[in-house]
Amino acid sequence: MATISVAAPRVAANPRATLQEWLPKLVLAPSFALILLFVYGFIVFTGVLSFTGSKLLPDFSTWVGFGNYVRLFNHPNWITALKNLAIFATLYIVVCSVLGLGLAILLDQKIRGEGVLRPIYLYPMALSFIVTGVAWKWFLDPGIGLEHVMHSWGWESFSFRWIKEGKFAIYTIVIAAVWQSSGFVMAMFLAGLRGVDNEIIKAAQIDGASTVTIYRRIIIPLMRPVFLSAFVVLAHLAIKSYDLVVAMTDGGPGTATWTPALFMQKFTFGRNEMAMGASSAIIMMMMIFSIIVPYLYSELRGGRRQ
């Protein structure tokens, strides 16, 4: 006996539901297109430039392959920039993390005046790196800054000329950067401390654990994601450090405080070596990707496990 199939009646699409589905996509489409063009498009454009012989203007008729990268890593100024970046990034990350954690632990003790101290610590982060650089340049300048003030007070033997000395100038950049960013790191650590389960701490206290042991064995290990986030943020700021260096020393004395970002600017716009500047930009991007990609991978893997 043959069976007769009856097709289900087609439900008319609801215009309102269709509009609700497509409206967010339509609103986000222009910004997505602009990001695709002006961020990722120009990353590809910079990568292509790094394989050309471009000087003042882009020149796609001359291809040199990896020649610009060979020249880059044989250039003494680029080696100096990498060494300065290693010094700056290491001290910047370590000192900011230690200071930030110390300040966070201090404020976590529910001390008096916490509401006043917190914005004081956070205030430097509200300033631009240009303002910070100019302020610290004046403060450290021997002619008008700290040394001049000490001499005017009668301490004639006082000397602090690091900003004028090639061997120590990079450390003045570290001082200014730490002053600006340590409060932000403190806020990250304070949020992490306040997020630790009090029941775990109370159980450890009942077992007779000291405060130092609780922080060392329980609280700080539980704050591993905060440490990782702070490291990623600080490392990213260190790699692309430019405005603070320009405001304080402009890379001087000589090339003593050159960083990769400053190298890129000097060669691209100062020496009309666009291809070399593009090569240095690609290397900087690879540095940042080497930090961001593992971080995102660990975050996504942790989210899947949960």
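Along the sequence shown, residues are numbered consecutively beginning with 1.
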Sub-3.5 Å donor-acceptor pair from the side chain of His236 to the main-chain atoms of Ile288, do we have one?
-> no

Nearest heavy-atom approach of Ala281 to Thr46 is CB-CG2, 4.1 Å

Would you mind listing every ring-ring contact (aromatic ring centres under 6.0 Å, His included) that reaches into residues 83-104, with sequence neighbours excluded?
-> Phe88-Tyr92

Going by atom types only, do Thr249 and Thr257 share a side-chain donor-acceptor pair under 3.5 Å?
-> yes

Starting at CG of Leu101, measure out to CG of Leu190 and round the result to the nearest 0.5 Å.
-> 10.5 Å

Could you list the residues that satisfy side chain to side chain donor-acceptor pair (under 3.5 Å) with Ser152, not counting sequence neighbours?
-> none

Flag side-chain contact, heavy atom, 4.5 Å: His75 against Phe267 = yes

Salt bridge (charged side-chain N to carboxylate O under 4.0 Å, His left out): which pairs involve residues 142-163, sequence neighbours left out?
-> Glu147-Arg161

Could you go step by step and tell me if Val27 and Phe32 meet the side chain to side chain contact (heavy atoms under 4.5 Å, CB included) rule?
-> CA-CA 9 Å; Val27 171; Phe32 177 77; over 6 Å; no

To the nearest 0.5 Å, what is the distance between CD1 (Ile218) and CE (Met223)?
-> 14.0 Å

Okay, side chain of Asn272, backbone of Lys55: is any donor-acceptor separation there less than 3.5 Å?
-> no

Exam field: side chain Ser128 to backbone Val131, donor-acceptor pair closer than 3.5 Å = yes

Are the aromatic rings of Phe231 and Tyr295 close, with centres under 6.0 Å apart?
-> no

Short question: side chain of Thr62, backbone of Gly53 - any donor-acceptor pair under 3.5 Å?
-> no

Heavy atoms, side chains only, cut-off 4.5 Å: are Gln205 and Ile214 in contact?
-> yes

Interatomic spacing from NZ in Lys240 to CE in Met264 - rounded to 0.5 Å | 11.0 Å

Applying ring-ring contact (aromatic ring centres under 6.0 Å, His included) to Phe168 and not counting sequence neighbours gives Trp162

Any side-chain heavy atom of Lys83 sitting closer than 4.5 Å to one from Ile79?
-> yes

For the pair Ser50 (side chain) and Gly47 (backbone), establish whether a donor and an acceptor sit closer than 3.5 Å, ignoring hydrogens and angles.
-> yes

Distance-minimising heavy-atom pair for Thr268 and Gly277 | OG1-CA, 3.2 Å

List in chain and number order the residues that pass salt bridge (charged side-chain N to carboxylate O under 4.0 Å, His left out) with Asp243, two or more places apart in sequence or in another chain; answer none if no residue qualifies.
-> none

Residues that Ser280 engages under side chain to side chain donor-acceptor pair (under 3.5 Å), provided they are two or more places apart = none

Does the side chain to side chain contact (heavy atoms under 4.5 Å, CB included) test come out yes or no for Asp250 and Lys266, once each step is laid out?
-> CA-CA 10 Å; Asp250 197 24; Lys266 294 285 188 182; 3.5 Å; yes

Hey, are Lys202 and Asp197 close enough for a salt bridge, meaning a charged N less than 4.0 Å from a carboxylate O?
-> no

Would you mind listing every salt bridge (charged side-chain N to carboxylate O under 4.0 Å, His left out) that reaches into residues 61-74, with sequence neighbours excluded?
-> Arg71-Glu273

Quick one: salt bridge (charged side-chain N to carboxylate O under 4.0 Å, His left out) pairs with a partner in residues 277-295, sequence neighbours left out?
-> none

Let me see the working for Asp108 and Phe189 under side chain to side chain contact (heavy atoms under 4.5 Å, CB included), right down to the final yes or no.
-> CA-CA 10 Å; Asp108 193 46; Phe189 283 133; over 6 Å; no

Proximity of Phe51 and Tyr69 rings by center, below 6.0 Å = yes

Test item: side-chain donor near acceptor, Ser157 and Trp155, under 3.5 Å = yes

Does a side-chain heavy-atom distance below 4.5 Å link Phe184 with Val233?
-> yes

Could you give all pairs that pass the salt bridge (charged side-chain N to carboxylate O under 4.0 Å, His left out) test and reach residues 214-228, with sequence neighbours left out?
-> none

Heavy atoms from other residues, nucleotides or ligands near CZ of Phe60 exceed 12 (cutoff 6.0 Å) = yes

Residues forming a ring-ring contact (aromatic ring centres under 6.0 Å, His included) with Tyr242, sequence neighbours excluded | none

What residues form a side chain to side chain donor-acceptor pair (under 3.5 Å) with Ser210, not counting sequence neighbours?
-> Thr213

Pairwise distance CG(Leu107) to CE(Met186) - rounded to 0.5 angstrom = 5.5 Å

Please identify each residue that fulfils ring-ring contact (aromatic ring centres under 6.0 Å, His included) with Phe129, with sequence neighbours left out.
-> none

Heavy-atom check, side chain of Ile144 versus side chain of Phe139, under 4.5 Å | no

Give a yes or no on whether the backbone of Ile163 and the side-chain of Thr172 come within a donor-acceptor separation of less than 3.5 Å.
-> no

Quick check: are there more than 12 heavy atoms from other residues, nucleotides or ligands sitting under 6.0 Å from OH of Tyr171?
-> no

Chi angles and distances behind the side chain to side chain contact (heavy atoms under 4.5 Å, CB included) call for Phe158, Leu146 | CA-CA 9 Å; Phe158 180 85; Leu146 179 63; 3.9 Å; yes

Which heavy atom of Ile239 sits nearest a heavy atom of Leu85, and at what distance?
-> CA-CD1, 3.9 Å

Side-chain contact test, heavy atoms from C-beta onward, threshold under 4.5 Å: evaluate it for Ile283 versus Pro260 and give yes or no.
-> no

Test item: Val64 and Thr52 side chains (from C-beta on) under 4.5 Å apart, heavy atoms = no

Measure the shortest side-chain to side-chain distance between Met276 and Arg271 over non-hydrogen atoms and say whether it is less than 4.5 angstrom.
-> no

Ala176 to Thr132 - nearest heavy-atom pair and separation = O-CG2, 3.9 Å

Would you check if the side chain of Gln265 reaches a backbone N or O of Ala261 as a donor-acceptor pair within less than 3.5 Å?
-> no

Taking all heavy atoms of Ile130 and all of Ala247, pick out the closest pair and write down the distance.
-> O-CB, 3.7 Å

CD1 (Ile219) and CD1 (Ile105) are apart, to the nearest 0.5 Å, by 7.5 Å

Nearest 0.5 Å, what's the CG-CD1 distance between Leu237 and Ile93?
-> 9.5 Å

Could you tell me whether the side chain of Asn84 and the main chain of Ile170 form a donor-acceptor pair under 3.5 Å?
-> no

Donor-acceptor pair, Asp141 side chain versus Lys137 backbone, under 3.5 Å?
-> no

For Leu234 and Ser181 the tightest heavy-atom approach is CD2-CB, 4.2 Å

Mark yes or no for whether Ser54, through its side chain, and Asp59, through its backbone, hold a donor-acceptor pair below 3.5 Å.
-> yes

